[in-house]
Amino acid sequence: MAKVAFLGLGVMGFPMAGHLAAAGHEVAVYNRTASKAETWVEAHGGRAAPSPQEAAAGAAFVMACVGNDDDLRAVCLGETGAFLGMGKGAIFVDHTTVSPAVTRELAERAGALGLGYVDAPVSGGQAGAEKGQLSVMCGGAEADFTAAEPVIAAYAKICRRLGEVGAGQVTKAANQIAIAGLVQGLSEALHFAEKAGLDGRAVVEVISQGAAGSWQMVNRYETMLEDEFEHGFAVDWMRKDLAICLQAADEVGASLPVTALVDQFYKDVQKMGGGRWDTSSLFKRLRAAG
């Protein structure tokens, strides 16, 4: 068991930190909205800290799951940032989806302070976080990963090191690229079936058992057909992630034409007022088009 800090108690971080407490770790939590940290402590015990620095003090591992590059810089390097509270040899584990560039920047700063750094973005959504069944893709020094992996295991169904610092974020970009294309393909299939006068549920029952089957199909087709889009990762966050994907693709010389197109479709969804709808709302865009 370890002394752990968890920074960021959103829809992902709140249950992830809860799994750490349930596994027997000594957990201190920080959230920008302090009342949420107090609510977490009421549910799980542990300690709420008024700053990342105080949460990190004495912790062997500091986990973060915040919003974007700027949020991550703030919790790491701000006036009361976590790096100021961490002792030499402690390891920072970042579960936020951010750019590989900021990951490398912060890992370099951590290294200069004698800290370990593992970038460890996750996939599986809110449901995966609540069930402790996330896929965790990691980058960092092998020794840092080896030390952190048993702690991450509290909420992971799979946790793998893909390479040095930044490899986790690059892998998460690949994950989001795959999801974007899958959701658009599923949306078009359901839209086509409806337009052709077929029962969408019956169509999915058949095609999901063959080569067209996917997690997105099994878990999202029902709510898509019911015009319900409050069940997962928000469009606003997906566009943030796709911007990271497209920028990283430019840096490495990869061509992502479908991803760029789907990003624009999500922009259309935002214009419809659907920034907080889940990513399957690409189907609603097609329905609205007639």
key: Side chain to side chain, T279 and S281, heavy atoms closer than 4.5 Å   = no
query = More than 12 heavy atoms of other residues, nucleotides or ligands under 6.0 Å from CZ of R287: is that the case?
reply = yes
query = Taking N219 for the side chain and W215 for the main chain, is one N or O donor matched with an acceptor at less than 3.5 Å?
reply = yes
ask   = Hey, mind stepping through V151 and M63 against side-chain contact (heavy atoms from CB on, under 4.5 Å) and telling me if it holds?
value = CA-CA 10 Å; V151 181; M63 274 64 178; 3.5 Å; yes
message = Taking L261 as the starting point, is it possible to reach M238 by hopping between hydrophobic residues whose side chains are less than 4.5 Å apart?
response = yes
ask   = Is there side-chain contact between S135 and K157, with at least one heavy-atom pair below 4.5 Å?
value = yes
ask   = Looking at D119 and R104, does any basic side-chain N land under 4.0 Å from a carboxylate oxygen?
value = no
Heavy-atom check, side chain of R160 versus side chain of F145, under 4.5 Å = no
query = Would a distance-only check, ignoring hydrogens and angles, find a side-chain to backbone donor-acceptor pair under 3.5 Å from S280 to M224?
reply = no
task = Please confirm whether R285 makes a cation-pi placement over F265, using NZ or CZ under 6.0 Å from the six-membered ring centre and within 45° of the ring normal.
result = yes
inquiry  = I want to check something: taking the side chain as every heavy atom from C-beta on, are L77 and R109 in contact at a cut-off of under 4.5 Å?
reply    = yes
ask   = Would you find more than 12 non-hydrogen atoms of other residues, nucleotides or ligands less than 6.0 Å from R73 atom CZ?
value = yes
ask   = Does Y155 reach the side chain of K131, with side-chain heavy atoms less than 4.5 Å apart?
value = no
request  = Identify whether the distance between the nearest side-chain nitrogen and carboxylate oxygen of E149 and R161 falls below 4.0 Å.
outcome  = no
task = Determine, using the 4.5 Å side-chain heavy-atom cutoff (strictly less than), whether V102 and V75 are members of one ILVMFWY cluster.
result = yes
ask   = Is V62 reachable from V165 through a run of I, L, V, M, F, W or Y residues, each pair having side-chain heavy atoms under 4.5 Å apart?
value = no
message = Please find the pair of heavy atoms, one from V29 and one from A17, that lie closest to each other, and give the distance.
response = CG1-CB, 4.3 Å
inquiry  = Quick check on side chain to side chain contact (heavy atoms under 4.5 Å, CB included): which of L225, D199, V203 does E194 satisfy it with?
reply    = L225
query = Could you walk me through whether V183 and R220 pass the side-chain contact (heavy atoms from CB on, under 4.5 Å) check?
reply = CA-CA 9 Å; V183 176; R220 286 289 173 261; over 6 Å; no
Salt bridge E228-K284, side-chain N to carboxylate O under 4.0 Å = no
key: Main-chain N/O of A234 paired to W277 side chain as donor or acceptor, under 3.5 Å   = no
task = Give a yes or no on whether the backbone of A34 and the side-chain of N31 come within a donor-acceptor separation of less than 3.5 Å.
result = no
ask   = Short question: side chain of H95, backbone of P121 - any donor-acceptor pair under 3.5 Å?
value = no
message = Check whether K240 reaches the backbone of V98 with its side chain - one donor and one acceptor, N or O, closer than 3.5 Å.
response = no
inquiry  = Among residues at least two apart in sequence or on other chains, which ones pass salt bridge (charged side-chain N to carboxylate O under 4.0 Å, His left out) with K36?
reply    = none
request  = Using atom types as modelled and distance alone, determine if a side-chain donor or acceptor of T171 lies under 3.5 Å from a backbone N or O of A167.
outcome  = yes
query = Is L134 close to M12 at the side-chain level, that is, under 4.5 Å between some pair of heavy atoms?
reply = yes
ask   = Under the 3.5 angstrom rule, does the side chain of Y117 hit a backbone N or O of V93 as a donor-acceptor pair?
value = no
request  = May I ask you to check whether over 12 heavy atoms, not counting those of Q264, lie within 6.0 Å of atom CD?
outcome  = yes
key: D94 (side chain) donor-acceptor with V118 (main chain) under 3.5 angstrom   = no
task = Would you sort out whether F192 and L286 count as a side-chain contact (heavy atoms from CB on, under 4.5 Å), showing the intermediate values?
result = CA-CA 10 Å; F192 171 75; L286 291 172; over 6 Å; no
ask   = Can you get from V122 to F6 by hopping between Ile, Leu, Val, Met, Phe, Trp and Tyr side chains that sit under 4.5 Å apart?
value = yes
request  = Dump the intermediate steps for side-chain contact (heavy atoms from CB on, under 4.5 Å) on K172 and N175, then the final yes or no.
outcome  = CA-CA 5 Å; K172 179 60 184 287; N175 182 83; 3.9 Å; yes
